[in-house]
Each structure stands twice: as structure tokens, then as C-alpha cells.
Amino acid sequence: MSGADQKASGKGPLLVVDGHSLAFRAYYALPVDSFTTSNGQPTNAVWGFAIMLSEVITAEQPTRMCVAFDMAGGTFRNKMMPGYKGTRQAAPEELLSQLPLIQNFLETLSVRYIEKQGYEGDDIIGTLATMGEDAGYRTLVLSGDRDAFQLADDHVTVLFPGYHFRQLKRMTPEAIQEKYHVSPEVYPDLAALRGEQSDNIPGVPGVGDTFAARWLNEYGDLEAVLDNAEKIKGKKGEALRKCIGQIRLNRKVNALVRDLDLGVTVDDLGFGRIHTDKVNALFDRLEFGSHTRNKILKGFNCVEDFEGTGLPDNSKKTDESETGLAFQTPKADPVEDVEAFEAWCREHLPSPKESSELAETMPDAEPVIQAAGDGLKAAQAQDTACPDLSKQSWYLHAEGSSKPGAAKLERLTVLAPDGHAIVLEDQQVSGDLNQALATMLAERISSCTVYGYKEHTHLLSAAGLTLPMPLFDAKLAGYLVEPDFHAVDLEKAFAHFLHVLMNDDEQPEVEQGALDFDGDEDAERDKPTDEQIALNRVEYVRLLAEHLKPLIEERRQFNLLRIIEMPTSTVLTGMEDQGAKVDLDRLKGMGDQFGAEAQEAQAIAWDRAGEEVNLQSPKQLQKVLFEDLGLKPIKRTKNGSYSTNAASLQRLYLTSVGNERANDFLGALLRHRETNKLKQIVNSLMETVNPRDGRIHTTFEQTVAATGRLSSVDPNLQNIPNKNAAGREIRSAFVPGERFESLLSCDYSQVELRIMADLSGDEALIDAFKSGADFHKYVASLVYGISMDEVTPDQRSHVKAMSYGLAYGLSTYGLAQQLNVSPAEADVLRSQYFSTFGKVHDYLESLVSDASVKGYTETIFGRRRYFPGLRSKRRTTREAAERAALNAPIQGSAADIMKIAMIKAQHSLAQAGCKSRIILQIHDELVLEVAHGEQEQVTDLVTDAMEHAVKLAVPLDVSTGIGADWQQAAH
DNA sequence: GCTATGACGTA
DNA sequence: CGTACGTCATAGCG
């Protein structure tokens with residue numbers, strides 16, 4: 001059937017929905033913790049079901065619709081197969097309780113739903129598909145159950161949720177053929193052979209889709225395969241013959257009934273009146289926000305009937321997305337030469353004057369940072385307004401690889417506020433237009449918006465262009481708005497924040513008519529050109545930035561963006577460009593040595609085990625340790641297997657002294673673990689050295705860690721060993737480059753504790769820091785009520801562990817474990833500690849309780865993190881969220897302070913004309929490569945920048961060390 | 001090729 | 001039964 005035929009028929013499709021399977025898929029796809037009402041009613045399945053339905057209705061415009069449900073009490077299938085859908089029967093109460101809500105939802109919208117005693121929803125759907133066909137409708141079956149595939153034909157398409165729940169796969173006969181290599185009629189044969197895990201139906205062991213399809217295509221259909229079972233060779237043939245009975249049963253069970261008497265005709269299934277008041281009453285009960293309501297109701301063409309109730313809704317959207325995103329690929333103007341480019345800029349972009357006027361309205365760093373010293377409220381009160389991006393900003397988007405030290409620009413796209421765009425290929429950017437672009441950037445960058453300032457700096461630098469700080473970075477803005485969402489790329493961020501579904505070409509599904517009914521047409525649609533992709537992307541940047549701007553303003557985070565995050569990007573770009581010089585010979589020597597030690601240990605382990613076990617395979621180790629050697633397991637992993645982690649091995653080692661073979665094996669295994677890990681670290685470092693300059697250019701991720709910290713990848717230079725002497729050696733391979741003299745390491749002492757002292761206002765803790773004495777000893781003397789001289793090393797270390805554990809939400813159980821004391825003793829320490837530092841206790845409690853009320857925590861600079869888990873009714877989930885909520889403002893404020901310190905330090909170095917550079921940041925430590933003769937000056941400048949990053953109630957203490965390599969710079 | 005898991009390195 | 005990360009290797013899927 002062609003698209004033309006459908007239009008000729010003059011009516012929209014019939015949509016039939018498998019209510020149960022959709023609810024199941026929604027339930028398991030969406031985190032129940034984020035979808036629970038304040039009285040504990042889970043709503044994730046209702047939400048997913050409703051959103052899905054609304055999206056499908058919007059896209060497909062059906063004129064008839066019906067939802068089928070299973071009925072309690074089982075079906076003829078259960079009589080044939082006692083275990084049938086056993087896994088589903090055991091559905092959690094959290095899901096079952098939502099089914100009546102879904103039916104209630106349908107009632108309020110006058111959508112027909114049908115259940116029939118003794119039959120499944122599937123049979124109702126099969127029947128409806130047949131009825132639809134007879135009545136001349138094309139039919140869409142929305143179902144998460146693969147059994148529905150057998151219904152697909154020229155008039156019936158199955159919409160099947162894929163790995164990502166909301167991404168529907170259009171299962172036409174062609175699509176089924178392509179995926180399973182059988183036709184829809186034969187699909188149930190294939191399913192009978194393979195079995196269905198989710199329905200508790202066993203298939204032939206070891207046989208999946210591939211083999212089932214091979215057999216079916218060889219012999220024709222299931223009966224033919226079973227008739228020829230003798231001919232099938234190998235283990236799989238044997239397995240097949242063993243379960244012929246089961247397979248025949250499977251096939252009977254998965255056949256859908258298609259001729260039930262439902263007591264309705266297709267023409268009865270039109271859309272009825274929407275009971276607006278009932279819908280709203282239901283949505284109130286479900287605590288759906290205004291955005292969710294609008295989105296759902298939009299599908300039912302009644303968005304204008306609905307007035308928001310003012311419930312909080314974090315996914316609040318801008319106007320254009322609420323009324324439906326009208327996405328259009330911008331049109332590119334041709335620019336052949338420099339004159340045309342310059343003329344285009346003059347005509348379409350904000351002028352240099354307008355750009356610099358915009359720069360004048362930006363906040364100054366110093367007063368903002370000072371104000372934060374008086375508390376977050378004071379800082380937020382003077383948060384600057386963000387300019388109206390849609391009128392005052394232009395957009396720049398570069399394509400290519402932004403890898404530090406190896407960046408490559410491919411294409412540059414510019415979008416003007418008036419909608420005009422240009423696309424420039426690398427040859428132009430690096431060639432003819434280079435000079436004109438440099439001027440354009442210098443003059444107009446302060447009105448520019450990008451997605452990923454840091455990446456863009458690398459990309460443009462690859463084309464010989466410098467990129468000064470733009471007006472707005474949508475990537476950083478998105479990170480501030482929702483730090484727990486990790487955008488993999490621009491498309492994902494766009495789709496996430498604007499709630500847009502993307503198709504396979506990473507283009508948004510347009511609201512109406514975008515989904516052609518015919519699968520063929522989709523397949524034939526032309527792939528977008530590189531230029532179209534580039535134009536789409538710059539448009540995504542525009543829409544995303546305009547969407548995020550009001551959210552940033554509403555939270556008063558524009559200063560955080562402009563004064564901390566964007567300048568941090570500048571510093572990080574410099575660090576990534578500079579890279580860290582390593583001594584390859586030294587690394588090679590260490591690698592060989594670690595390798596040799598690992599091999600020795602392995603030889604001993606293999607000898608004692610009596611076989612060549614792979615010591616890096618927990619699975620194989622479990623067998624040797626707990627089966628062959630018969631050792632008693634210490635603890636289980638989260639999946640129920642026995643743990644072979646170092647702590648368990650250590651305990652096994654200590655308790656196996658009588659058993660020489662096991663003891664030797666464990667000792668060798670532990671040594672192998674340690675040395676082999678070090679070997680791997682050394683090897684991965686060597687692999688990432690850039691051959692052009694002998695330096696390692698890590699990438700600092702600025703939008704990954706939800707607390708506001710940086711992370712380091714490719715390679716991770718924030719986890720180079722430091723605890724054990726052997727591992728620490730690796731640090732000696734990090735050395736100053738040729739034009740430099742030494743490495744300087746500066747780190748904050750006890751920043752997080754100092755932040756706690758400041759934020760809690762606890763006088764005793766503040767005095768402890770002001771005293772300048774050995775902090776942990778001082779605290780111990782207070783906690784134990786003795787003089788400093790009387791504090792034993794044990795007491796000091798116990799108090800130290802307690803202090804550090806505070807910011808993590810450490811339990812007394814955990815403390816006891818760590819200190820190797822009884823829980824009772826740990827509890828005594830805890831009470832003594834908190835009676836000494838009462839305000840710290842109150843502060844930590846207030847963090848969690850405030851977060852429970854507000855739903856989020858804030859750092860001293862207003863960086864937020866949301867904690868939906870605090871409202872979970874599952875204790876473990878909730879307590880985990882409580883610990884994270886306790887930690888986030890402390891870890892996050894430390895991150896804010898370090899970012900400011902980095903910006904200040906780099907600024908001071910530049911002001912003083914120093915050649916020394918920051919090369920690494922390890923959360924509370926900065927490593928600098930120091931130029932000749934600058935040691936003293938740089939130490940002073942950086943120390944000062946760090947110590948005076950912000951003004952707290954306690955001093956910030958920085959300790960420094962300098963040396964010929966990173967290890968020697970330790971202090 | 002992909003994803004999940006267990007292990008382990010850092011602050 | 002402490003937070004926050006990234007990477008390696010294996011193992012199972014295809």
C-alpha cells in the first residue's frame with residue numbers, strides 16, 4: 001500500500017494499543033524514584049504510557065483508537081503452559097498499582113479500552129487488527145510484545161519500543177524481515193524456537209534468532225523444521241530434538257486469536273469528549289507538572305482547554321517548545337570570497353560596537369566573588385541578567401575533532417540573529433577567509449553563543465584562530481541547569497532539554513506528518529548532507545541556548561556561568577594545550593619492571609592453582625578460590641557471585657595460614673593484582689604520549705561530575721597512584737619540559753573541612769583552624785577532653801577518619817569498619833565528636849532536610865544539584881540520596897573555590913609575565929610547570945591565588961613543594 | 001562491534 | 001553499610 005492510497009482512503013489510521021505491555025515497558029524504562037508522588041504512589045508507568053500515547057497520536061493522527069488490557073484470572077494459555085508469563089504475574093506492586101490509574105486516565109479522555117475474560121490483550125489486538133483491515137483502515141499496533149509482530153502486513157504496522165523506550169521502531173513486514181530474516185507469518189515460528197525470556201517461555205537452549213531463522217529459511221516453516229530435526233547436526237540440533245514438545249506448545253501459545261467477539265465495531269472507536277476537570281483531578285493526584293500535562297493533552301488536541309495549576313515542574317519549557325517545536329534547517333547564504341564574507345557579517349551579525357556594548361553589561365568577577373563571602377543570598381541578589389540571545393546573539397558551531405594536541409577543524413557554521421547562516425569548509429577557514437575570520441571573532445565574539453567553548457577553542461586553534469570568551473556557552477549552561485544529566489553530544493543535549501525525539505539521522509521528529517506511514521519512504525529519504533547537518537546543529541545550539549537562558553536566570557546562575565565556568569574553560573584549554581611532559585624512558589623501565597614482577601607472581605599462582613587461570617578474570621578466580629581450593633567466601637557482589645576484591649583476598653590470605661597451597665596462591669594473586677595494575681597504568685600512559693611533543697594532553701571534562709568537580713580523561717591524570725611507594729614512583733615520570741626548570745605542586749589542606757567550618761559557623765571548629773596547630777591533633781584534644789600532648793596516635797587517626805567521613809555521610813558502621821573497632825566504640829566517638837562540634841552536626845542535618853524540602857542542594861556560588869531520590873520510599877535509595885545530598889554542597893563548594901583559584905592563578909601569572917603554566921588539577925591540587933628563575937615568584941603567586949580565592953570564616957591553607965619531577969614536588 | 005560487570009586507581 | 005570520578009579486562013551478546 002502506498003502513501004497515496006492512504007490519502008485516497010480519506011481517513012486516519014486505527015491505533016490499537018497493548019496496555020499491559022506498554023505499561024510494563026514504561027515501568028522498567030523509567031526510574032521509579034523520579035516518578036513518585038509525595039504520598040509514595042509510583043507514577044512512572046502512567047507517565048510513560050501517557051507520554052507515549054500522546055506522542056504517537058501527535059505523529060500519526062489516528063481517527064480511531066482502542067487500548068487492550070489483559071484480565072486477571074489467566075487465559076487458555078495458562079492452562080496449556082502452567083508457567084506462562086510467570087515472570088509477569090510476579091509484577092511488582094509498584095507497577096500493578098498503576099494499571100487502574102492508566103485505565104482511569106483513558107476514561108477521562110473517553111478512550112475505549114477493552115478487556116476480555118480468558119483472553120489476553122494480544123488477542124484483542126489481533127482481533128481489532130482484523131476488524132480494522134475489514135473496515136478498510138490501516139492499523140497501527142502499539143505494543144511492547146513481540147508476539148504482535150505476526151500481525152504486520154501491508155495494512156498493519158507494529159510500533160515497538162526499542163532500547164530507548166520512547167524511540168519507537170516501525171515494524172513493517174520489511175523491517176521484520178530485515179531484523180529477523182523471516183516474514184511476519186513465520187515470526188511466531190521463530191519465537192517458538194527461540195523462546196521468550198520475558199514471558200517465561202523456554203526456547204531451544206543455545207538457539208537465538210540467528211539459528212532459528214537459518215533453520216526456518218532452510219525448511220520453510222516450524223513444522224518442516226521439526227520434521228527435519230534429525231538432519232540438523234551439532235549441539236544445537238541435539239538440543240532441538242530434545243524439546244520438540246516444548247516448541248510445539250510454544251507455537252500454540254504464541255498464536256494470537258483474531259476473531260473474538262468484542263461487541264464493538266471499529267467505527268465505535270472514535271475520540272469522545274475530554275473530561276477536562278477529571279483529567280486535571282487525576283493529574284493533580286499524580287502530581288504531574290504543567291509541562292507534562294500540556295504535553296500529554298496536546299496529543300489529544302485540547303491543550304488550550306488546560307490551565308496550569310502552578311505545581312512545580314522542573315522541566316519547564318520555553319514558549320515555542322510548549323506550542324510544538326517548529327524546527328527548520330536554516331538556509332545557508334553563499335560566500336565565495338573575503339568581500340562576500342565581510343559584507344555578510346556587516347549585514348547580518350551584531351556590529352562590533354553592539355558586541356562591545358554587550359560586553360560592558362557583563363558582571364565583574366571581583367565583586368561577585370567578594371559578595372559570596374557574605375553568603376549565597378548576597379551573591380545571588382546581584383546576579384546579572386543574561387542578554388536576550390534571540391535578538392542580540394549570533395551562533396558559532398564548529399565541526400571536527402577537538403582532541404587537545406591533535407585537534408582538526410572540518411567545518412564552521414555561523415548563524416545570525418535574523419536566521420541567515422553561512423557554512424565554511426576548513427579550506428576556507430584555514431585559507432582565504434582566515435584573516436577576515438580572525439578579525440570577525442576579535443570584534444564580535446562578545447555577542448557570540450557556542451555549545452562547548454573549550455572544544456571550540458581547540459577546533460579554531462587548529463585553524464590558526466584564537467577564540468576569546470564568548471557571551472554564552474550552552475553546554476556549560478546545560479550543565480548548571482541539570483548537572484546529573486550527562487550530554488554525550490549536542491544532539492543529545494538538544495533532545496533532552498527540549499524534549500524532542502530524534503530520528504535515525506539525529507534530526508528532530510517534526511510534529512505533524514513527519515512520520516510517513518510507509519516504511520519504504522523512510523528508508524528512501526535522502527541522508528542529509530554535511531552542510532545540512534552543520535546547519536541543523538547550529539540551529540540546535542540556538543534553540544538550546546534560548547531554552548536554557550531563562551532557566552539560568554531564574555536560578556540566578558548567570559554569574560556562576562560567566563565568572564566561574566566560562567573562565568575555567570579558558571584555563572583548562574591552556575592546560576590541555578600545554579600537556580604534561582613525561583620521561584618515556586623512565587616509564588618504559590617501570591613498565592618492564594612491573595611486568596616482570598606481575599609475571600613472577602602469576603607463575604607462582606598458576607603453580608599453586610594447578611592450572612593457568614586468568615588472574616584478571618573474577619569469574620575464573622571464583623572457581624579456583626571457592627570451588628577448587630574450597631575457601632569460604634567473605635562477601636557477595638551485587639549480582640550474588642562471590643567477591644574477589646582485594647579486601648576479601650586479604651582476609652582470605654590471613655585466615656588461610658594453615659593451608660599452604662591456598663595461602664601461597666592468595667599471596668601471589670594479591671601481588672599480581674597490584675603490580676599488574678601498575679603495569680597497565682604505565683602502559684596506558686605511554687600509549688597516550690603525543691609523539692609530536694612527548695607530552696600527555698589529557699582532556700579535562702567540565703560538565704561530567706555532578707558536584708561541580710572536573711574530571712580527566714584520555715588519559716585520566718587525576719588517578720595516578722599516590723598511596724603506595726611503588727605506585728607513587730609513576731609520578732616521577734612526570735617531568736618539566738625542555739624550557740622549564742621544575743614542577744610545583746600546591747594543594748589545599750582540609751578544604752572540605754574548612755568549608756564545613758565556614759558554612760556551619762561552628763566556633764570550636766573555626767577556632768581549630770584559626771589556631772594553626774596540627775588540626776587533627778587539636779580536634780582530638782577537644783573531642784577527648786585532653787591536652788594536645790596527651791593525644792595518642794590512635795586517637796588522632798580515629799578523629800581524623802571521623803572528620804573526613806563527615807562530608808561523606810559516613811555511618812557508624814562504616815566508621816567502625818574503617819577503624820577496626822566495634823560499632824559501639826565508633827558510636828561513642830561519633831557522639832563525643834558531635835557534642836564538641838554541635839553546629840557541624842546541626843548543619844549536616846539541615847543540609848539533608850533542606851534538600852528534602854527544596855529538592856536540591858546549593859554550593860556557596862549557587863551551583864545546584866537535584867536529588868529526586870530523597871523522596872523515594874525505598875530506604876536504601878533514599879539513604880544513598882541523603883549521603884550524596886550531604887556531600888554535594890561541600891564537595892561542590894570546594895570545586896567552586898578551586899576553579900576560582902585556577903582563574904586567579906592564571907591571571908596573576910599572565911600579569912606578572914611569567915612563562916610558568918598550570919598543567920594539572922587534581923581536585924585540591926594544582927601542578928605547575930615552572931620556567932627558569934620563576935620558582936619563588938610562581939610559588940608565591942599561586943599560593944596567594946589559592947589562599948585568597950574566596951574569603952571564608954577560616955583561612956584557606958595551601959602547602960607547596962617543588963622538585964625535578966612530580967614525585968619530588970610532593971610535600 | 002557493543003554493553004555490563006568487577007576490580008581498582010585518585011581526591 | 002561514605003562521596004565523586006575513569007579505565008582496564010573479561011564475558012556474553014551479535
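Sequence lines set the chain letters: A, B, ... in the order given, protein chains first and strands last, and positions in each chain run from 1. Atoms considered below: every heavy atom in the structure, side chains included; atoms not considered: hydrogens, waters and symmetry mates.
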Does the protein touch nucleotides 2-7 of chain C at the base, only the backbone, or not at all? Give it as B, S and - per nucleotide, heavy atoms under 4.0 Å. BBBSSS
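- Residues forming a ring-ring contact (aromatic ring centres under 6.0 Å, His included) with A/His672 (at least two apart in sequence, or on another chain): none.
- For A/Phe485 and A/Tyr479, the ring centers sit 6.0 Å or farther from each other.
- Partners of A/Tyr833 under the ring-ring contact (aromatic ring centres under 6.0 Å, His included) rule, at least two apart in sequence or in another chain, are A/Phe837.
- To the nearest angstrom, P of B/dA7 lies 13 Å from CD1 of A/Ile634.
- By the salt bridge (Lys or Arg N to Asp or Glu O under 4.0 Å) test, A/Arg865 pairs with A/Asp484, sequence neighbours left out.
- Every residue two or more places apart in sequence or in another chain was checked for a salt bridge (Lys or Arg N to Asp or Glu O under 4.0 Å) with A/Arg671, and none qualifies.
- Dashed line: the shortest gap from a side-chain N or O of A/Lys723 to OP1 or OP2 of B/dG9 is not under 4.0 Å.
- For residues 631-640 of chain A, the side-chain hydrogen bond (donor to acceptor under 3.5 Å, both in side chains) pairs, not counting sequence neighbours, are A/Arg636-A/Tyr642, A/Thr637-A/Ser641.
- Separating the NZ atom of A/Lys635 from the P atom of B/dG6 is a distance of 10 Å, rounded to the nearest angstrom.
- Rounded to an integer number of Å, the gap from CG of A/Asn820 to P of C/dC1 is 19 Å.
- DNA chain C lies under 4.0 Å from no heavy atom of any residue of residues 637-648 of chain A.
- When the C1' atom of B/dT10 is taken as reference, atom CD of A/Glu674 falls 15 Å away, rounded to whole Å.
- Atom-to-atom, CG of A/Asp827 to C1' of C/dC1 comes out at 14 Å; the value is rounded to the nearest Å.
- A straight line from CG of A/Asn724 to C1' of B/dT10 spans 12 Å, rounded to a whole angstrom.
- Evaluation of the side-chain contact (heavy atoms from CB on, under 4.5 Å) rule for A/Ile903 yields A/Pro567, A/Thr568, A/Val571 as partners, not counting sequence neighbours.
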List, with names and distances, any nitrogen or oxygen atoms from the protein found under 3.5 Å away from nitrogen or oxygen atoms belonging to nucleotides 12-14 of chain C.
unit_1: C/dG12; atom_1: OP1; unit_2: A/Lys619; atom_2: NZ; d: 2.7

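- Rounded to an integer number of Å, the gap from CZ of A/Arg731 to P of B/dG9 is 13 Å.
- In this structure, A/Tyr813 has no ring-ring contact (aromatic ring centres under 6.0 Å, His included) partners at least two apart in sequence or on a different chain.
- Side-chain atoms of A/Asn645 and A/Ser648 form a donor-acceptor pair, as typed in the model, at a separation below 3.5 Å.
- Among residues two or more places apart in sequence or in another chain, the ring-ring contact (aromatic ring centres under 6.0 Å, His included) test is passed with A/Phe775 by A/Phe769.
- Taking A/Lys679 as the reference, nothing meets the salt bridge (Lys or Arg N to Asp or Glu O under 4.0 Å) condition, with sequence neighbours excluded.
- Residue A/Gln616 places no side-chain N or O under 4.0 Å from the OP1 or OP2 atom of B/dC8.
- With rounding to whole Å, A/Leu621 atom CG is found 10 Å from B/dC8 atom P.
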